Participant: 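Sharing a structure here in C-alpha cells format.
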Amino acid sequence: MSTATAASRAEYCVIACAEAWRGDGEVLASPMGLIPSFGARLAKRTFSPGLLLTDGEAMLVGLDGETEGWLPYRRHLTMVTGGRRHVMMGASQIDRFGNQNISCIGDWARPARQLLGVRGAPVNTLNNPVSYWVPKHSPRVFVERVDMVSGVGYDRAEAAGVTRFHRLPRVVSDLGVFDFGGPDHSMRLASLHPGVSVEQVRAATGFGLAVDSADGEAAAYTREPSAEELRLIREVIDPEGLRDREVRV
C-alpha cells in the first residue's frame, strides 16, 4: 500500500494511541486491544524507543517479537505498584471524571449484563498511568455515571485521598482524543480526528464535555502521521490491515 494514500481514521487512532506513551521513558507498555497494540509498537519504533513490550503473558519482546527477557508475574506486579507501567485499557462505560466500568451493566443487585469483572483495574489506576481506548464512541459508553466503578476516576481518587500515583493521561476513541483538563479534572476534548466535528462528539457523549480551545467550540485535530509512520503501520506493524476492521470509517 502506498504511503501517498491519505491516512484512514483507523491510522489516526493508531497515531493517537502511540502518543499516549510519548515521553514515558523505560516503562512497560501494556496495551489491551488491537489498535493500542499497534500504537505501542509504533511508539517504540519511532519516538519512544525505551518502551518495554510484552507478549501479554510472561516475556518481554523486541520489535521483531523475539524474546528479550522473562517477566514473571511477581515482577509484573512490582512494576505496577512502582508506577513503571502505562496501561491502555478498554472501557464498557466511562464517565466525565474517568471512572471506568468493565464489570457489569445495570444495577449491581441484578445486572442486565455481566462483563469481564473488575479484574486489575483498581490497582492499575491507583498505581500507574492508565489511558483508555474506545473503538466506538457513543452515549452508551460515555455515560453520566458508570453502573459500577472498576477503574478509579479523578473524583473518587481525590475523595479517597489516593492521588499520589493516580494519573489518566488520555482517552482515545474513533472520534477523537480526550484528556482530563476540564474543570475539577473532568473530561475534555483535546483533538478531533479529521472529518469529525465537535457537534458530532457532543452528540455521542452522555455528559457535558469541555473543549480545549479559546472559544469552547473549535478544537485541534489529531496530528498527521508522517510518511515513515504510515509506512511502518501499513508495511511492518499491520500489513494485513486489521486496524480497519476495528475502526470502520
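All heavy atoms count here, side chains included; hydrogens, waters and symmetry mates do not. Here, residue 1 is the first one in the sequence, and each next residue gets the next number. Quick caveat: nothing in here was measured; it's all calculated off a predicted structure.
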Participant: Does CD in E240 sit with more than 12 non-hydrogen atoms of other residues, nucleotides or ligands closer than 6.0 Å?
Facilitator: no
Participant: Does one hydrophobic cluster hold both L51 and L34, with members joined at side-chain heavy-atom distances below 4.5 Å?
Facilitator: yes
Participant: Hey, could you give me the CG/CZ distance between L28 and R84, rounded to the nearest 0.5 Å?
Facilitator: 10.5 Å
Participant: Please answer whether the main-chain N or O of I15 pairs with a side-chain N or O of E229 as donor and acceptor at a distance below 3.5 Å.
Facilitator: no
Participant: Using a 3.5 Å distance criterion without hydrogens, assess whether the side chain of E11 forms a donor-acceptor pair with backbone atoms of E224.
Facilitator: no
Participant: Run R45 and V236 through side-chain contact (heavy atoms from CB on, under 4.5 Å) and show every step you take.
Facilitator: CA-CA 10 Å; R45 286 182 178 273; V236 179; 3.6 Å; yes
Participant: Determine whether V198 and V171 fall in the same hydrophobic cluster, where Ile, Leu, Val, Met, Phe, Trp and Tyr are linked whenever their side-chain heavy atoms lie under 4.5 Å apart.
Facilitator: yes
Participant: Any idea how F142 and F178 line up, ring-wise: parallel (<30°), tilted (30 to 60°), or perpendicular (>60°)?
Facilitator: tilted
Participant: Hydrophobic clusters here meaning ILVMFWY residues chained together by side-chain heavy-atom distances under 4.5 Å, can you tell me if I233 and L242 are in one?
Facilitator: yes
Participant: Is R243 reaching over with its side chain to a backbone N or O of D238, donor-acceptor style, under 3.5 angstrom?
Facilitator: yes
Participant: Check whether I94 and L115 end up in the same hydrophobic cluster, where Ile, Leu, Val, Met, Phe, Trp and Tyr are linked by side-chain heavy atoms less than 4.5 Å apart.
Facilitator: no
Participant: State, to 0.1 Å, how close W21 and A29 come at their nearest heavy-atom pair, and which atoms those are.
Facilitator: NE1-CB, 3.6 Å
Participant: Going by the rule side chain to side chain contact (heavy atoms under 4.5 Å, CB included), which residues pair with N99 if we only count those two or more places apart in sequence or in a different chain?
Facilitator: D95, F97, V146, V149, D155, R156
Participant: Distance check, rounded to the nearest 0.5 Å: M88 atom CE versus R170 atom CZ?
Facilitator: 7.0 Å
Participant: Could you check whether the rings of Y12 and H193 sit parallel, tilted or perpendicular, using 30° and 60° as the cut-offs?
Facilitator: parallel
Participant: Is it true that a side-chain atom of Y132 and a backbone atom of L168 form a donor plus acceptor pair closer than 3.5 Å?
Facilitator: no
Participant: If you measure from CG on L116 to OG on S103, what distance do you get to the nearest 0.5 Å?
Facilitator: 8.5 Å
Participant: Grouping I, L, V, M, F, W and Y whenever their side-chain heavy atoms are under 4.5 Å apart, do V141 and V152 come out in a common cluster?
Facilitator: no
Participant: Take atom CZ in R223; do more than 12 heavy atoms of anything else shown fall under 6.0 Å from it?
Facilitator: yes
Participant: Any salt bridge between E199 and R202, counting N to O under 4.0 Å?
Facilitator: no
